[in-house]
Amino acid sequence: MRGADPGAGPGVVTGLAREAACLEPQSGWIRIVCSGANTARARALAEELADGGSAALVSFGLAGGLDPALRSGALLVPDRVVAPDGRRFAADASWRRRLLAAIVGDRKSCAGDVIGSDAPVGASADKAALFARTGAAAIDMESHAVAEVADRRSLPLLVVRAIADPADQRIPEWLDDIIAEDGKPRMTAVFAGLVANAADLPTLVRLAGDARRGLATLRRVAALGGPRLGFDA
């Protein structure tokens, strides 16, 4: 646990600036970094948080649904994270229970696994194949990287994810490269993509609504979970 301060709060890794903003009112108690939806950067930032004295690590943000039963806005506080190579990392059980106790009654939680990917997975058929093969409830690009660092550094791990795009919702491939390193969308790339793919406008409208529901869930978790998301050093 090199660099960890037992009295310190957790360090949080998000992929998007909007996810990080859900926690900003609590930022006096936790450290928040944004990877820009990049797995390698998420891993490096988690290492920096551990080196900087964070006593635990959190992966916090939106996820893509794999379980067809999960709709946008559904909350996932998983027991485990599955890496692309099949390794499994357990969330801290007591920390997870404390957070769930704090938010019970606000929104039903799902305990299914989250599987990690180093690249976006946006095709409905690919999501269905992953669900059939792994049984994982959702997918994201940061949690497995954060979990690897937490495991290597012997730090408690918590994963909080809200479903954005459900399993049956396609994400156009041209959206894969629109997020800048600061976690904000590159609007010039968005506009250029829309010009070249005008038929995707209805899909983008649906995706925006999905994201709003997911972010609303994350804000509720931040508000109800307290300044350290239930972490008790």
Side chain to side chain contact (heavy atoms under 4.5 Å, CB included) between Glu181 and Asn38, worked out: CA-CA 8 Å; Glu181 190 173 284; Asn38 181 285; over 6 Å; no
Taken to the nearest 0.5 Å, the spacing of Ile178 CD1 from Phe191 CZ works out to 10.5 Å
In Å, rounded to the nearest 0.5 Å, how long is the span from CG of Leu157 to CD of Glu148? 11.0 Å
Once you round to the nearest 0.5 Å, how far does CG of Asp200 lie from CG of Leu194? 8.0 Å
Which pair of heavy atoms, one from Gly15 and one from Ser35, lies closest together, and at what distance? CA-OG, 3.5 Å
Does one hydrophobic cluster hold both Ile115 and Leu62, with members joined at side-chain heavy-atom distances below 4.5 Å? no
Expected output: side-chain Ser54 to main-chain Leu49 donor-acceptor under 3.5 Å: yes
So do Pro172 and Leu207 actually touch side chain to side chain, heavy atoms under 4.5 Å? yes
Identify the heavy atoms of Phe89 and Ala83 that sit nearest to each other, and give their distance. CE1-CB, 4.0 Å
Going by salt bridge (Lys or Arg N to Asp or Glu O under 4.0 Å), Asp165 matches just one of Arg170, Lys127, Arg206. Which one? Lys127
Cationic N near anionic O, under 4.0 Å, Asp51 to Arg153: yes
Provide the closest heavy-atom pair for Leu66 versus Ala136 in the form atom of the first, atom of the second, distance. CB-O, 3.4 Å
Please report the C-alpha distance between Arg31 and Glu48 in whole Å, then the side-chain angles of each, then the deciding distance to 0.1 Å, and finally whether the side chain to side chain contact (heavy atoms under 4.5 Å, CB included) criterion is met. CA-CA 11 Å; Arg31 298 175 60 199; Glu48 289 180 12; 5.9 Å; no
Heavy-atom distance under 4.5 Å between the side chains of Ser94 and Asp92, does that happen here? yes
Please give me the minimum heavy-atom distance between Asp168 and Ser124, naming the atom from each residue. O-OG, 3.2 Å
Could you tell me whether the side chain of Leu75 reaches within less than 4.5 Å of the side chain of Val160, counting heavy atoms only? yes
Between Val114 and Leu76, is there a side-chain heavy-atom distance shorter than 4.5 Å? yes
Would Thr39 and His144 count as a side chain to side chain contact (heavy atoms under 4.5 Å, CB included) if you check the C-alpha gap in whole Å, the side-chain angles of each, and the deciding distance to 0.1 Å? CA-CA 8 Å; Thr39 301; His144 67 292; 3.4 Å; yes
Could you report the tightest heavy-atom contact between Ala55 and Pro156, atom names first, then the distance? O-CD, 3.3 Å
With the 4.5 Å side-chain cut-off for hydrophobic clustering, are Ile171 and Val121 part of the same group? no
Cluster question for you: counting only ILVMFWY and a side-chain heavy-atom cut-off of under 4.5 Å, with indirect links fine, are Trp174 and Leu201 together? yes
Whether the side chain of Thr217 engages the backbone of Gly73 through a donor-acceptor N/O pair (distance < 3.5 Å, no angle test) should be reported. yes
Hey, any chance Val82 and Leu70 share a hydrophobic cluster, counting ILVMFWY side chains that come within less than 4.5 Å of each other, even indirectly? no
Is Arg96 close to Asp79 at the side-chain level, that is, under 4.5 Å between some pair of heavy atoms? yes
Test your reading of the model: is there a side-chain donor-acceptor pair from Arg88 to the backbone of Arg80, 3.5 Å cut-off? no
Any chance you could measure Asp182, atom CG, to Cys34, atom SG, to the nearest 0.5 Å? 7.0 Å
Are any of the side-chain heavy atoms of Val77 and Leu100 separated by less than 4.5 Å? yes
Do Val81 and Leu45 share a hydrophobic cluster, counting only Ile, Leu, Val, Met, Phe, Trp and Tyr and linking them when any side-chain heavy atoms are less than 4.5 Å apart? yes
Non-hydrogen side-chain atoms of Glu142 and Arg161 separated by less than 4.5 Å: yes
Once rounded to the nearest 0.5 Å, what's the spacing between atom CD of Glu19 and atom CD1 of Ile32? 11.5 Å
Any idea which heavy atoms bring Val12 and Phe60 closest together, and the distance? CG1-CB, 3.6 Å
Atom CG in Leu158, atom CH2 in Trp95: separation rounded to 0.5 Å? 5.0 Å
Is any side-chain heavy atom of Val146 closer than 4.5 Å to a side-chain heavy atom of Val159? no
Does Asp177 form a side chain to side chain contact (heavy atoms under 4.5 Å, CB included) with Arg186? I'd like the steps, not just the answer. CA-CA 9 Å; Asp177 298 319; Arg186 295 185 293 112; 4.2 Å; yes
